[in-house]
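Structure record follows, encoded as structure tokens.
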Amino acid sequence: MVVRDKKALLSNSELLSGLDEAMLDRLLSMTVTRRLDKNETLFVKGDPGDSLFGVQEGKIKIVTTSPNGKEVTLNIIEEGQFFGEIALLDGMDRTADAIAMEKTEVLVIQRRDFIPFLEKHPKLCIQVMQLLCHRVRLTSEMVEDAAFLPLDGRLAKRLLNLADLYGQEQPGGGVLIGLNLPQQELARMMGTSRESVNKQLQIWRNQGWIELARGKVTILNEQALQYVLEAAEFD
């Protein structure tokens with residue numbers, strides 16, 4: 001669903017919710033729109049952190065690449081969400097790449113406009129701090145998962161999280177993850193190889209826990225995946 005009303009995009013965002021009409025109108029006057037084709041890069045690691053982005057249509061993936069070329073997907077930003085807050089606030093370089101997963105339209109607010117606005121509104125400062133704390137907690141959780149959970153536990157957790165975010169109940173039963181999710185992309189989210197992810201997915205498909213289609217995963221037995229995760233956490 002495309003967020004046609006730009007003001008609604010601002011007011012419904014985790015970052016800017018609760019602002020009054022005058023504040024939203026002021027922010028709206030600062031925005032410009034940028035359109036991206038599928039696989040087009042919005043910014044790369046090392047670019048100046050001079051703007052905040054909100055996804056009006058489409059999806060953006062945030063990725064980082066190791067010196068040897070291994071790519072890890074850190075996050076997927078969907079319609080209605082904002083990103084780029086860290087570099088916007090400290091003015092330092094971007095810490096990852098942002099790439100459109102499909103045709104995408106984003107709202108852009110420049111740092112030179114946003115920081116003076118932030119300085120005048122303490123309530124917004126508190127919301128920004130709360131959001132950044134939430135992001136830090138998520139990052140810590142990802143590091144812990146990579147260090148302590150085996151692959152099957154990490155993959156089960158990722159699929160359950162994606163189903164929670166993008167799940168679509170199917171008439172015949174099961175929950176389709178409504179996201180184009182090639183196994184290579186899923187492997188990048190996990191920080192592992194496509195072969196390892198494929199092997200585990202095939203095991204679960206043969207057990208009747210999931211269905212696989214081209215770029216799609218349907219969870220048929222959520223309880224079984226939850227058991228895998230719980231067993232991994234307490235192993």
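These numbers were taken from a predicted model, which means no experiment stands behind them.
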Output the distance between atom CE (M129) and atom CD (E85), rounded to the nearest 0.5 Å.
14.0 Å

Looking at E57 and R35, does any basic side-chain N land under 4.0 Å from a carboxylate oxygen?
no

Rounded to the nearest 0.5 Å, how far does CG of D50 lie from CZ of R94?
6.5 Å

Output all residues satisfying salt bridge (charged side-chain N to carboxylate O under 4.0 Å, His left out) with R194, sequence neighbours left out; order by chain, then residue number.
none

Do NZ/NE/NH1/NH2 and the carboxylate oxygens of K59 and E78 come within less than 4.0 Å?
no

Taking atom CZ of R111 and atom CG of D90, what is their separation to the nearest 0.5 Å?
7.0 Å

What is the distance from atom CG of L118 to atom CG of L52, rounded to the nearest 0.5 Å?
10.5 Å

Between the side chains of E105 and T33, is a donor N or O closer than 3.5 angstrom to an acceptor N or O?
no

Contacts of type side-chain contact (heavy atoms from CB on, under 4.5 Å), residue T95, not counting sequence neighbours:
none

Determine whether F43 and V55 fall in the same hydrophobic cluster, where Ile, Leu, Val, Met, Phe, Trp and Tyr are linked whenever their side-chain heavy atoms lie under 4.5 Å apart.
yes

Worked verdict on Q200 versus D152 for side chain to side chain donor-acceptor pair (under 3.5 Å):
CA-CA 7 Å; Q200 188 61 60; D152 62 345; 5.4 Å; no

Which Ile, Leu, Val, Met, Phe, Trp or Tyr residues join F148 in one cluster when any pair of side-chain heavy atoms under 4.5 Å counts as a link?
none

Without placing hydrogens or testing angles, list every side-chain donor-acceptor pair under 3.5 Å for residues 162-181, not counting sequence neighbours.
from: Q170; atom 1: NE2; to: Q168; atom 2: O; distance (Å): 2.9

W209, I203: one ILVMFWY side-chain cluster at the under-4.5 Å cut-off?
yes

Which pairs count as ring pair (Phe, Tyr, Trp, His ring centres under 6.0 Å) when at least one residue sits in residues 65-101, sequence neighbours excluded?
F53-F83

Could you list the residues that satisfy side-chain contact (heavy atoms from CB on, under 4.5 Å) with K38, not counting sequence neighbours?
none

L155 CG to T192 OG1 distance, which is reported to the nearest 0.5 Å
9.5 Å

For D37 and K103, run side-chain contact (heavy atoms from CB on, under 4.5 Å): C-alpha distance rounded to whole Å, both residues' side-chain angles, the deciding distance at 0.1 Å, then the answer.
CA-CA 5 Å; D37 291 326; K103 283 191 174 182; 4.2 Å; yes

Between the side chains of S140 and R137, is a donor N or O closer than 3.5 angstrom to an acceptor N or O?
no

According to a 4.5 Å side-chain heavy-atom criterion applied to Ile, Leu, Val, Met, Phe, Trp and Tyr, with indirect links allowed, do I99 and L36 form part of one hydrophobic cluster?
no

Does one hydrophobic cluster hold both M92 and L131, with members joined at side-chain heavy-atom distances below 4.5 Å?
no

Closest non-hydrogen atom pair between A232 and G153, with its separation
CB-CA, 3.8 Å

Candidate list L28, L27, T31, test side-chain contact (heavy atoms from CB on, under 4.5 Å), partner K7, passing option
L28

Rounded distance (nearest 0.5 Å) linking atom CZ of F114 with atom CG of L124:
4.5 Å

Check for a donor-acceptor pair, side chain of R158 on one end and backbone N or O of L186 on the other, with a separation under 3.5 Å.
no

Side-chain heavy atoms under 4.5 angstrom apart, residues restricted to Ile, Leu, Val, Met, Phe, Trp, Tyr: same cluster for I115 and F117?
yes

For L229 and L149, the nearest pair of non-hydrogen atoms, with its separation, is CD1-CD1, 4.2 Å

